[in-house]
Number of protein chains: 2
Amino acid sequence: MAFNENSLTAIDTPAVLVDLDIAQRNIERFQRYADEHHLRLRPHIKTHKLPALAEMQLNAGAVGITCQKLSETEAMADGSSAIRDVLITYNIVGQTKLKRLRMLAERIKVSVVADSITVIQGLSATFADAGERLSVFVECNTGANRCGVGSPSAAVELATAIAKAPGLRFGGLMTYPPVNAEAAVERFMSDAKAMIEARGIPVPVVSSGGTPSMMHAAEAPITSEYRPGTYVYNDRSLVSRGVCDWDDCALTVLATVVSVPAPDRAVIDAGSKTLTSDLLGLAGYGHVLGRDDISIDQLSEEHGRLVSTGPIGLKVGDRVRIVPNHACVVTNMVDEVMVAGAGLTNPELWPVAARGRTV
Amino acid sequence: MAFNENSLTAIDTPAVLVDLDIAQRNIERFQRYADEHHLRLRPHIKTHKLPALAEMQLNAGAVGITCQKLSETEAMADGSSAIRDVLITYNIVGQTKLKRLRMLAERIKVSVVADSITVIQGLSATFADAGERLSVFVECNTGANRCGVGSPSAAVELATAIAKAPGLRFGGLMTYPPVNAEAAVERFMSDAKAMIEARGIPVPVVSSGGTPSMMHAAEAPITSEYRPGTYVYNDRSLVSRGVCDWDDCALTVLATVVSVPAPDRAVIDAGSKTLTSDLLGLAGYGHVLGRDDISIDQLSEEHGRLVSTGPIGLKVGDRVRIVPNHACVVTNMVDEVMVAGAGLTNPELWPVAARGRTV
């Protein structure tokens, strides 16, 4: 364990802890799978938001990174000279953002996505006089019903529009599928790819993603790049899906018991401002390590309520470590995470460079 | 409207907007109620996290402010010389925090709460040699089942312990009741106050709180101070409870439509990193102003999904304004809010001084 009793005692709570040794193991585990299946790996940094973690992913073999927002990408590019190839899986809309995208594209290799002619027109107007064409993917809806075109023929239409648009080049197809949708991904993407190629337009990349299904990524062999995010830290949602075990969870929340108002109830100093209200379909707001009998049944902003099936067995001042439901949103709550492992002598506070980057 | 079409167009999204004119009206409305009913007002700053808003509350007649955490209190005291009287409604536990509390108490008047002997012992050990005694309230559980002693006799025991403890003085009784619990508050607090006074210990203050029930605060006449938080901004949860109307909501989220992938569906650039996953018992994640037909039925971190009962009638690039379910947690997501009104010529970005202050 990268964090030992001594180092934990010195940390004020609530605190978000990251065990770099576990993160490294998680990175290597999926990189091995990707290598074995000839998948190019482009991890989504929304989970850690840390340039140093992105470097660990690149060093292990990732071909680049994925960001969701422009401002996230800027923070990552500013934070590491190793980050020079970023796919932004977002429709960039509006003059302010388009100008920032153009400036960013002059510093690093950046690709974006589009799922409408309106988005393509905005990108083209911005890059028409650029030295290098902007790579634009078509986002496809393979069942998640968020963004993305709804049919292969709609994908063909947009791919053609991109290929013709001044300043742009067609980068490929991208999807964020629901869990266990390999068959749907394979069908949609194969059809779209064949139809686009039949028009004489190459499809350089087919990009899919998501940690829950990552060990099945190769079951949609049309996929050439994969963008997992949460796999670097893992969380309670992934343990509940059987994707990993508690020992694979690199991110935990350290909290202190501040009240034991009843024999079966205790209150900790981590609430929704640390653990967040994300349930991801689960009951309760996190798992107290070593205490399967406890559920975190209620959060307010600064209080977490722990209830046990038996005596709670905690006293004021005790510390607990919690695996949150969803690691990605927890790193967005804090300016700094406490990291240990990876040869560090003592735990260190690392600023979460891309926290709060929503623009 | 403090924000007009022109000023909104210039703001990049997603953005958290605060209308200071509406906030001022909300502050005055409840201050009037408090004055009429001889309640001292001590607003909870967890909603706005802004020293300037606390000053507006103090100028209107508040006797001081409430903070939940030590680090919040430090941020508020640093941000305004008008903030000199703070009740921290939290059990302060652990040497690091106790030392910070002692330093803070040397700068401003600060009171805290306790609901166990352990907490009282820690406070007493820290303040035993202080120049001035620390005011400590006993937190009482009047039905919310979070922190607090469970009976008036337990409150007497702790009040007596505080009164005897070196460095401390008994500040009064404090509760965070559930909604519509005026009768329970009156009963618990009256019993506890009478029993404590019978031991010769004065009970200077009985403090209650919560915006949902604030217009019924006087129905528990034992209450001498009240600590509403959300009333300054209001939100969808309070509109749904009938406490206010949409026009009384000072905080809104401005978002841009980035995708319209189906006739009844649109996707905006505000997700759980802006609106948060807080449901507060509601269906959906916010109210789109002027569009009762739309529900925000799904959030991921950077996407909000809007679905309509009919045609969505939105196109890529359109802007929407959203009243979030819970205003307090939204201000914790952003480093800055965009404010307008109160005589400002143009909207201004204000740093959210106490954002992320969880320690």
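Below, read A as the first sequence line, B as the second, and so on, with proteins coming before strands; counting in each chain starts at 1. Quick caveat: nothing in here was measured; it's all calculated off a predicted structure.
- Looking at A:Glu72, the atoms closer than 4.5 Å to chain B (heavy atoms on both sides) all sit in the side chain, from C-beta outward.
- Only the side chain of A:Thr256 comes within less than 4.5 Å of a heavy atom in chain B; its backbone stays farther off.
- Between A:Tyr233 and A:His48, the angle of the ring planes goes over 60°, which puts this pair in the perpendicular group of the 30/60° scheme.
- The part of A:Ala144 that comes within reach of chain B is its backbone (N, CA, C, O), which places non-hydrogen atoms under 4.5 angstrom from that chain.
- Looking only at distances, no side-chain donor or acceptor of A:Asp278 sits under 3.5 Å from a matching main-chain atom of A:Leu280.
- In terms of non-hydrogen atom pairs under 4.5 Å with chain B, the most contact-rich of A:Asn145, A:Val260, A:Thr274, A:Val334 is A:Asn145.
- Contact count against chain A (heavy-atom pairs under 4.5 Å) is highest for B:Arg146 among B:Glu139, B:Arg146, B:Gln68.
- For A:Val267, the part lying near chain B is the side chain, with the backbone staying farther off; criterion is any non-hydrogen pair under 4.5 Å.
- Counting only distance, with no hydrogens or angles, the side chain of A:Thr47 and the backbone of A:Thr230 share a donor-acceptor pair below 3.5 Å.
- With A:Arg265 contributing its side chain and A:Ser308 its backbone, the two residues share no donor-acceptor pair below 3.5 Å.
- Contact tally against chain A (heavy-atom pairs below 4.5 Å) for B:His326, B:Arg305, B:Met333, B:Lys69: the top residue is B:Lys69.
- B:Thr175 pairs with exactly one of B:Thr142, B:Val113, B:Asn141, B:Val138 by the side-chain contact (heavy atoms from CB on, under 4.5 Å) rule, that one being B:Thr142.
- Counting heavy-atom pairs closer than 4.5 Å to chain B, the top-ranked of the candidates A:Ser300, A:Ser277, A:Ala270 is A:Ser277.
- The part of A:Arg357 that comes within reach of chain B is its backbone (N, CA, C, O), which places non-hydrogen atoms under 4.5 angstrom from that chain.
- Put simply, of B:Pro261, B:Ser272, B:Pro14, B:Gly150, the one with the most heavy-atom pairs under 4.5 Å next to chain A is B:Pro14.
- Using a distance-only test at 3.5 Å, with no hydrogens or angles considered, a donor-acceptor pair links the side chain of B:Asn91 to the main chain of B:Asp115.
- Of the listed residues (A:Lys97, A:Lys315, A:Arg355, A:Gln298), the greatest number of heavy-atom pairs within a distance under 4.5 Å of chain B belongs to A:Arg355.
- Within the 3.5 Å criterion, the main-chain N or O of A:Glu5 finds a donor-acceptor partner in the side chain of A:Thr9.
- A salt bridge links B:Glu301 with A:Lys46: the closest approach of a Lys/Arg side-chain nitrogen to an acidic carboxylate oxygen falls below 4.0 angstrom.
- The greatest number of non-hydrogen atom pairs below 4.5 Å with chain B, out of A:Ala15, A:Ala10, A:Ala154, A:Cys147, is found for A:Cys147.
- Comparing B:Cys328, B:Gly94, B:Gly356, B:Gly317 by how many heavy-atom pairs each has under 4.5 Å with chain A, the most go to B:Cys328.
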